[in-house]
Amino acid sequence: MLLHATGLEKTYATRATAFRRASRVAAVAGVDISLAEGGALGLVGESGCGKSTLARLLLRLIPLSAGRILFEGRDITALPEAALRPLRARMQLIHQNPSAALDPRLSVAEVVAEPLRIHGHDPRGRVASLLAEVGLPGDFLHRYPHELSGGQKQRVCIARALALAPRLLILDEPTSALDVSVQAQVLELLAGLRAQRGLAFLFISHNLAVVRQVCEQVAVMYLGRVVEQGPVDAVLGNPRHPYTQALLASVPRLGAAGVVVVGEAPNPAAPPPGCPFHPRCATAQEACRNGPPPALRNGVACHLAQ
Ligand code: SF4
């Protein structure tokens with residue numbers, strides 16, 4: 001297994017204000033994630049459900065409150081920053097917004113060469129081939145971010161992420177800031193790179209159709225927890241958790257029989273008692289209000305799951 005994480009938790013303390021008491025917010029609560037070499041796992045759920053926080057925990061960009069992370073079989077949970085550095089080369093993050101990810105003062109050549117230089121490699125000859133790999137011609141080397149389209153900027157970010165020959169790409173909504181016409185091209189590029197380089201993807205998205213296209217496995221998150229997990233065709237083709245059913249019902253093209261999710265996601269600082277989804281769940285029962293659902297059982301965390 002390339003990545004194996006168990007019991008991941010991230011809690012934040014909130015300060016007291018005139019309107020509310022200090023409290024603790026669980027952004028990620030008891031999540032287990034596994035990703036095989038060359039595999040692709042989609043992470044889906046509404047905004048604020050903890051997807052991006054989970055990604056940053058896995059990369060050790062923010063401290064864990066609890067849990068354990070194995071990468072390439074090595075326990076990286078408590079590795080000091082100096083020991084993490086060489087591992088970071090093999091686990092790279094691609095952001096949603098390429099404009100924010102690129103330093104406007106650096107040319108394309110400098111942007112792509114930077115990680116090579118930081119890790120002590122000679123970038124000469126490597127940068128042009130990385131650009132070619134993401135479908136950009138050599139004359140882009142001397143351009144600056146403001147001279148690029150959104151799709152071209154994301155290609156530069158991908159080239160930069162590939163510079164150190166990673167094994168894992170964590171892609172945080174990588175096409176959501178792009179024009180629809182460009183999204184398909186970038187997804188096609190990513191699929192080709194994955195096949196050629198044997199990359200594993202942790203693919204964060206709210207777009208279920210894209211996750212179905214890119215990934216073999218999917219985990220559905222609600223309020224910091226994974227509520228359903230399994231092969232993408234099974235989970236998105238025959239969803240068993242009421243939240244997954246509601247997410248799918250809200251995408252007419254993917255259309256699942258079921259109810260559309262109602263209301264806003266609750267405040268993570270004051271989650272409902274019992275199952276945190278119960279105020280929005282059409283099949284909630286008394287047990288759902290009285291106690292939390294069981295841990296994932298056969299890929300589903302719900303009182304009513306068989
Ligand atoms: Fe709905 Fe109850 Fe299942 Fe929660 S545990 S998803 S409220 S049926």
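Whatever order the structure lists them in is the order used to number ligands and atoms, beginning at 1.
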- [ ] Run the salt-bridge test on Arg56 and Asp172 with the 4.0 Å N-O cut-off and return the result as yes or no.
- [x]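 Asp172 and Arg56: salt-bridged.
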Open item on the list: Between ligand 1 and His241, can you find any atom pair, the residue atom being a heavy atom, that is separated by under 4.0 Å?
Closed with: yes
Task: Residue and atom, protein N/O/S, under 2.8 Å of atom 4 (Fe) of ligand 1 - done: Cys275 SG
- [ ] Answer yes or no: is there a side-chain heavy-atom contact under 4.5 Å between Leu148 and Arg143?
- [x]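 Result yes, sub-4.5 Å side-chain heavy-atom pair found.
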Open item on the list: Contact between Leu162 and Val134 at the side-chain level, heavy atoms closer than 4.5 Å - yes or no?
Closed with: yes
Open item on the list: As a quick check of understanding, evaluate salt bridge (Lys or Arg N to Asp or Glu O under 4.0 Å) for Glu114 and Arg105, giving each step before the final call.
Closed with: CA-CA 13 Å; Glu114 192 175 51; Arg105 298 164 302 177; over 6 Å; no
- [ ] Would you give the length of the straight line joining atom CG of Leu116 to atom CZ of Arg124, rounded to the nearest 0.5 angstrom?
- [x]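 It comes to 12.0 Å.
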Open item on the list: Can you give me the closest heavy-atom contact between Arg85 and Ile118, atom names plus distance?
Closed with: NH2-O, 2.8 Å
